[in-house]
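First the structure, in the form of structure tokens, and then the observations on it.
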Amino acid sequence: MKHFNWLLLLFCMPLLAAPDGKALYENNCSSCHHSQGKGGIGLPLTPEILSQLSDAYIAKTIRHGRPGRIMPSFEQLSLAQVNAIVRYVRSWTGKPAPVFQAAKIKGDAAKGKPLYEKHCVRCHGKDGSGEGPGTGVTMSRERTFMVMPAALNNSGFQKSASDAMIRDIVASGRKSSDMPSFKSKLSDEDIAHVVTYLRTLKPPVIKQGMEEWRGKPAYIMESPYDFETTVENVKQALTGANFRIFPQRYLEQGLVDEFSVNTRQVSIRFCNFKELYHLLNIDPRLGTVLPCRINVMAQNGKVLVISANVAHLATLFNNQELSEVGVLMEEIILTVMEEATL
Amino acid sequence: MRLFASLCLMLSLVLPVGADQTLVMVRSEAPAQYVMDVLKETLPEYGYTVAHTQRCDGGMAEFHYKSDFYRVVFFGKLEEVRTILARHPEMSPYLPLKITVVAENGETILASMDPRSLGGFFPEDAELQLQFLRWYNDIEAILDEMRRLKKK
């Protein structure tokens, strides 16, 4: 029994020891923000930028994430773990963290609105969602900005940033990402008005997929036609919807030799490259659910036409822009499937 | 002591799991082509067959959209795929499994869907839940190996 206790204690060691900020960062953050904070799908966390961000803001950002703006909320991390990550990130700067007052800034939102529209809209968008497709640092595809302006209407940002910190960012700008300093253009009062206006920005309402299919992994329809005719019908409907069709594959193809493969299960793969290019700008991780395909399967005397529930799939990315595309795609795919099985 | 120990045990089992995680994602400092080659060697070590790879960058280039290395690797185990599709044809869009390999400034991002995120669709099927968990463990372990690859 004694040994058993020791064994358990050993098991617990990692929990009792101080959490390792570097390891935690590399496990949870570096995929998006880069191992040294150079940015990627996430914004850069360079020393210059960190010099404008308080530790409290970083800690809250980790907790809240950015709902609908890719960054997940890390609710499962302990307080000690969050603090360890913050300390690790801070260690890149070699300087103490800035501290901002928590007090609200009292400006006039009505006066801030026209200032926001004049100075900020072209980058942060009318409703504060951020202009142009995608987030973070632009790498391999052309986008509107080298660093995509953050969503200021995001609830995660709003909950994490204090008024004083926002005021400081607006006054100083962000040289590395082309956000100008507004010190010479806006008075302290003006900046206070803009900050107060920012607090009124609301995140867009999330559209949902069709009720009929909600809670289902796939759209599935039974075809009144035989297997071959159904395959042809799907292809025709896809071509009609302006998709390019790839050579079809058997679902089991590549997993088994050509003599044993089930030839009554095919994947009809399709794409619209212009759309794909645009979507990869919004979220380069999209390939995890691509390519688009409609499967036709003959099973138990039935011919089934099946597609992933794209409206649901799109929500896996915690990316509002993508979720909207998912809802649009749902309509297109269901139309194709209905046409093919009519 | 007993209580403390079992509390610890419970915590250590519970903590590392991101409850509402939907994607598994890692960064590797190694370049994409190299990661891709190693990935294709690693999948069979976990018992999976690589069914095929899709070159999304090639397709886009054909239409004059420039993109860096962008591939999707499809992999699976025939028996698993057959058993599951016989019971659940609606699982067919998710099989074979896939991992995306994307170049990012000389480094590589790998991402895959967390199969456990499909669990909610099949509350009745305990066997399938276990399957999702097994797939997740494999994907997690494989991606962790890719994460550890060194710069070349």
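Numbers restart at 1 for each chain; the letters A, B, ... are given by sequence-line order, proteins then strands. When reading the values below, keep in mind they use all heavy atoms of this one structure, side chains included, and skip hydrogens, waters and symmetry mates.
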Comparing B:Glu107, B:Arg82, B:Lys77 against chain A, the one with the most heavy-atom pairs below 4.5 Å turns out to be B:Arg82

task = Before accepting this row, confirm whether a basic side-chain N of the pair B:Arg148/B:Asp144 lies closer than 4.0 Å to the acidic partner's carboxylate O.
result = yes

Whatever's closer than 4.5 Å to a heavy atom in chain B on A:Ile41 counts as both

Under 4.5 Å to a heavy atom of chain B? For A:Ser267 that would be neither

When the 4.5 angstrom heavy-atom criterion is applied to B:Ile99 and chain A, the contacting part is neither

task: For B:Arg147 and B:Met25, indicate whether the former's side chain and the latter's backbone hold a donor-acceptor pair under 3.5 Å.
output: no

Checklist entry - Do the side-chain N and O atoms of B:Ser117 and B:Asp114 include a donor-acceptor pair separated by under 3.5 angstrom? => result no

Honestly, the part of A:Cys271 sitting under 4.5 Å from a heavy atom of chain B is neither

When the 4.5 angstrom heavy-atom criterion is applied to B:Leu85 and chain A, the contacting part is both

Checklist entry - Does A:Asp283 pair with A:Arg285 as a salt bridge, N-O distance under 4.0 Å? => result yes

Whatever's closer than 4.5 Å to a heavy atom in chain A on B:Val50 counts as backbone

Parallel, tilted or perpendicular for A:Tyr25 and A:Tyr88, by the 30°/60° rule? tilted

Answer key: most heavy-atom pairs under 4.5 Å with chain A among B:Gly76, B:Ser112, B:Pro89 is B:Pro89

Turns out that what part of A:Gln299 lies under 4.5 Å from chain B's heavy atoms comes down to side chain

Turns out that what part of A:Pro72 lies under 4.5 Å from chain B's heavy atoms comes down to neither

When the 4.5 angstrom heavy-atom criterion is applied to B:Val81 and chain A, the contacting part is side chain

Under 4.5 Å to a heavy atom of chain A? For B:Tyr94 that would be both

Cut-off 4.5 Å, heavy atoms of chain B, and the answer for A:His34 is both

Checklist line | Residues A:Asn318, B:Thr22; criterion side-chain contact (heavy atoms from CB on, under 4.5 Å); working and verdict | finding: CA-CA 9 Å; A:Asn318 179 29; B:Thr22 50; over 6 Å; no

Cut-off 4.5 Å, heavy atoms of chain B, and the answer for A:Leu251 is both

Is the closest side-chain donor-acceptor distance between B:Asp125 and B:Gln129 under 3.5 Å? no

- Whether A:Trp213 and A:Tyr219 hold their rings parallel, tilted or perpendicular, with breakpoints at 30° and 60°: perpendicular

Practice task
Please confirm whether the backbone N or O of A:Leu43 pairs with a side-chain atom of A:His33, one donor and one acceptor, at under 3.5 Å?
Solution key: yes

